[in-house]
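Input: a single structure, listed below in structure tokens.
Residue numbers start from 1 in every chain, and the chains themselves are labelled A, B, ... in the order their sequence lines are given, proteins ahead of strands. Keep in mind it's a predicted model, so treat the numbers as computed, not measured.
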Number of protein chains: 2
Amino acid sequence: MDVTRGNFREVILELERVIPAAQFLAIDGEFTGLRAGQDVNAFDTPSQYYSKLRSGSMGFLLVQFGLCAFSYDKENDKYMHRAYNFYIFPKQQVPSSPDQRFLCQSSSIDFLASQGFDFNKLFTEGISYLTQPEEQKLRDHLEEKHKSCSNTNSSSPGTEENSYSIPIPDEYVSAVEDACSRIEAFLASSEPEELELDRCNAFVRKLIFQTVHHRFDSNAVQLESRVTEGRNRVLVVTRCGSPEERKKREKEKRDKELQDLEDAVGFSLVLKKISQSGKLIIGHNMLLDVCHVINRCYFPLPEDYSEFKEMVNCVFPKVLDTKYMSDLPLFKNRMSSNILGHMYKTLSEEPFKMCIAKSEEEGHGYNTLNDKYHEAAYDAYVTGLCFITMANHLGSLQNPKVYPVLSSSPLLNPYLNKLFLVRVQDSPYINLVGKDPIVSRDHVFFVSFPKEWKTYDLTQLFSPFGGVFIAWLSNTSAYVALYHRDQASLVLKTLTQSDTYIVMTYAAHQQLQDERAVCKCAHSSGKSMCSSCIRKRTVTKQLVPSSPTTTSVRKRRSMEALQEEPEVQTSTLKRKRSSSFGDKTSYSNRIIDPIPEEEEMDIVRHNEQASTIEAGGHGKRRTSSVDGTDSSERHGSSLGDNAKRQSKHRQFFEESDMWD
Amino acid sequence: MDVTRGNFREVILELERVIPAAQFLAIDGEFTGLRAGQDVNAFDTPSQYYSKLRSGSMGFLLVQFGLCAFSYDKENDKYMHRAYNFYIFPKQQVPSSPDQRFLCQSSSIDFLASQGFDFNKLFTEGISYLTQPEEQKLRDHLEEKHKSCSNTNSSSPGTEENSYSIPIPDEYVSAVEDACSRIEAFLASSEPEELELDRCNAFVRKLIFQTVHHRFDSNAVQLESRVTEGRNRVLVVTRCGSPEERKKREKEKRDKELQDLEDAVGFSLVLKKISQSGKLIIGHNMLLDVCHVINRCYFPLPEDYSEFKEMVNCVFPKVLDTKYMSDLPLFKNRMSSNILGHMYKTLSEEPFKMCIAKSEEEGHGYNTLNDKYHEAAYDAYVTGLCFITMANHLGSLQNPKVYPVLSSSPLLNPYLNKLFLVRVQDSPYINLVGKDPIVSRDHVFFVSFPKEWKTYDLTQLFSPFGGVFIAWLSNTSAYVALYHRDQASLVLKTLTQSDTYIVMTYAAHQQLQDERAVCKCAHSSGKSMCSSCIRKRTVTKQLVPSSPTTTSVRKRRSMEALQEEPEVQTSTLKRKRSSSFGDKTSYSNRIIDPIPEEEEMDIVRHNEQASTIEAGGHGKRRTSSVDGTDSSERHGSSLGDNAKRQSKHRQFFEESDMWD
């Protein structure tokens, strides 16, 4: 069911019953965008990945939160569910709550709209939310206000600070006098209940405020400025009535303010209830969902990566990411794709046995598969079904077989508290309750090069060492991974610095990045290492630890390279380029664009030419992100021939849908 | 009439007739937000104002553009109009067009939604647009693509760069073989027209591409990847047919691509037509509208202010801002507010004679006043009516009377090409065709102070010199303007530096800011001058030019101040504060918030307590932007008693609606 401001309070009451009774909870979110700024790289460490996600994705808004509570009826051995589709939007429920600025990504908005997402409903009826610090600030503020109000009510007027008074300019005298006469007449009568003085600009309002303050008894008349439907501000006059009436009105106002504050907290209460339940939380590719909901409804995400892990573990003590689970060999070997819809299809076929979980109540869930993918609650529902199916499949492989595999089963332990990392090559998850996996990247090199370079130039540079996988960092740098890992030492012996390009080990580059964080390099743009710094450091810093002899040899080589090799190298490359690209050089230039690869994959409608066979070799080599090339093509021609090594890299192609 | 993608092409044809026949064009825009980042200050120079607007407002989106063409029938002496309400949204019409990231402001979205703005219509049917550089890039790209495509069609396959081929991992062999068999069967039959291979992840798609390339004749089969409605990517196989068929299909595809490009240019064509018409363009408070439409549909706004003025003048050679026009004494003296609705009401009363301009055609305009304020075309319509009324009023004051005053009348010359600047104190417009007005700010001082300071502390500091107007820069700095301008020299003699605060002339601070632009101050945050730099400079830089004798005296004083005065000063202030604020200090602290003042004014719904008379003196002195205080209150208690000087400052209160 859809949950908006209109039915939120009753749903909260319902959830107080539903959540504790659930076997587990599945969640999913829809966002106004995925990423801005620096793109995730296939060789980012989990900490770097998090840092990019925090700075690049948290500016977008979580606009729909799907919650699907699955209960298990042991007696009849059947699952039931209840699905809630929360529309959430940071409307200013309370004047002092923050007026958020948030990002949207055109393609994401377009996509949601094309899926029938109701933005009008979102913006008019969306439930508000606050982080805990925001909530606390408002509570403190309200308390102070009420306290101060009581004080000022009894204080005497005309204190020192009030002594300045603005003389009324001639052209406004009549407006002010007119207002005063109307107020006088209003006070003399008993109807209507309030008097609206319209068409005042702020300065005239100020003058009226001041004059009324001087002329009228503040115990008799109350003047306030109010915003009308049309966004104009007007002054509204009311009678104060007897002290009892005023007291009563004051109390009503305070109660209303407190209620408004609860409304402002809104959806954050749902997160609180989910968190406090301690239930197993299921999501598919859930890192973004988890980050957004915590960042918006609990606490701004911390800069520090380990603090972040602690925070997630604190809010969600037990999570399971079905993207991670389905990515392990047991399931992966049977799936040619594990984006949600595909995964559901695969799990509906042999040898799996798709679970059925009917809706507990009409209108509170999904009874047939109605292909409402990308409606958050539906995605949460399908994720839950897939989870149950995979869990039971695990049980069926045990000896003796285990059935049913419920959320508390130890069979699930290997899958718990690991959040899948889309696009990371070899370390594809965040371990929330321990150290992240340690992987060797000795076969990965950082390369810096002229902006004219394309994939082809890099594959040519590394061609003596076999195939490579290229992970672009910017239009002048990339990580290059060898398929033949044993060629790594040869790379270091053969490729040294030149004026045209710079090569260093992955480890050395990572260390440079760490150092840069504390270095006050004036020409660092803050985004990527400036090349003069890289050069300075690479001359003194050796590519790899090596014996004193080879070091000095390499040092010499590297100096020679700086003096002599570049020209040769450049001209060779130029020749190679011109021979293979003919007059299409400018067309073939790689264009770097802020569009992340997987979005491009999902968004692009027409990429006929680039990805058709007819387009031939040249077409495929283009690596532009903006020309609609299928991203799998980007790395295509650089792929080598060692299947074993490649299995690591396949990761990249397979996990490219952030939209799951 | 509403204009969306559906009827855009026919409207363009209509405009080709309507625009040239128009007497003038009125425009208006609706945005997803107003401002992020640094707020405009009442003492910004026009150039600083522009710079803040460019960096803080252009991230938002123009989502509705109202165009109202007014024609004049001389024979019958009557105006007619046609109104167009363009929904515009940067959808990616062409894969290679940019995937925009844009900002929204919660309150603006909420407001538009509350006014019935149809976001679903916007996101599903909004007309696209491109800047000229974007358009050129796409045209070049398409041309290159078509050229390259012709070349590759005739080139031979299997070039060097294609020689790498990925071995097919065991688990994917069956998927690839299955695809090949299906393609074979498909080619052997004549139906259906295309074959969709679903459930492939990117890696499997790559493998299928590669295999099909090797096994099948590229003249017989065409393979492309396509995105389905559900955003999944699938491979689609089609037969190539005879060379003639292929050629025909190729041509159709190119024609389609060219048409898609025209659709992507979309609304930018309307701006072009408006610009080329050379007609008088009318807007109310039109700076933001002009900036947005140029920035999104013509050329990114330049950093340089004079370049900006040139650019606007180039796109709109003849503009008239009714906010500026109505702000001049002739009209202003009769208006207690010139926000659009109020201005319309005032101009509907004596001595003005509101113009009537019926709709030329049913459904193409407004025939009655239906209070659709904030629908862009309606606002444009009302703006046009107000303009005609004011123009004719000008004529009625001439001797002999002039009637009608048409758009070409020299009576309008004083009002042309001046864009109103909301909130600027004394220099309230940008002159597009000449120098901006020069104003003296000798009575304005820059003050830097501890973050605990509030309005009250500043008014106390300056109390010996009479009333002041305070324009906050940050929570530790502000411009303070004296009402008694002749007290300026006394300020310089009396107030020198202290450890607690720093005072310098407006001119000196402006100069520092200019210098900061080139200075590489390491501790400058880039937002405001760091206090250590300010201190360093103020010790060496004199507050005002003065004779050698007074300089040395002041130097001494200023050193003394650094050594002795601070403590005295601080304790005095502390005493003052504590005596007047009692235990409410923390409550009374000024909170600086990114919400611009006029938005706050317009958005706030409930500000009863703070702005009611009951709240008394203390309540009024709070200057928090987040607590719902009417912004006129913020400066209230600091106002002095010199009416003549104040008239300059009234500006501030009167022009606070950016929503016009």
Taking A/Thr124, A/Leu61, A/Val94, A/Asp118 one by one, which has the highest count of heavy-atom pairs under 4.5 Å against chain B?
A/Asp118

Heavy-atom pairs under 4.5 Å with chain B are the metric here; pick the option from A/Asn120, A/Leu103, A/Asn333 that has the most.
A/Asn120

Would you say B/Arg101's side chain and A/Gly33's backbone share a donor-acceptor pair under 3.5 angstrom?
no

B/Lys91 backbone acceptor or donor facing A/Asp110 side chain under 3.5 Å:
no

Roughly how far apart are A/Ser106 OG and B/Gln92 CD, rounded to 0.5 Å?
6.0 Å

Using 0.5 Å steps for rounding, measure from the OG atom of A/Ser107 to the CD atom of B/Gln100.
10.5 Å

Calculate, to the nearest 0.5 Å, the distance between atoms CZ and CZ belonging to B/Phe102 and A/Phe102 respectively.
8.0 Å

How would you list, by chain and number, every residue that makes a ring-ring contact (aromatic ring centres under 6.0 Å, His included) with A/Phe117, sequence neighbours excluded?
A/Tyr87, A/Phe119

In Å, rounded to the nearest 0.5 Å, how long is the span from SG of B/Cys104 to CZ of A/Phe60?
11.0 Å

For A/Thr32, is it the side chain, the backbone, both, or neither that has a heavy atom closer than 4.5 Å to a heavy atom of chain B?
neither

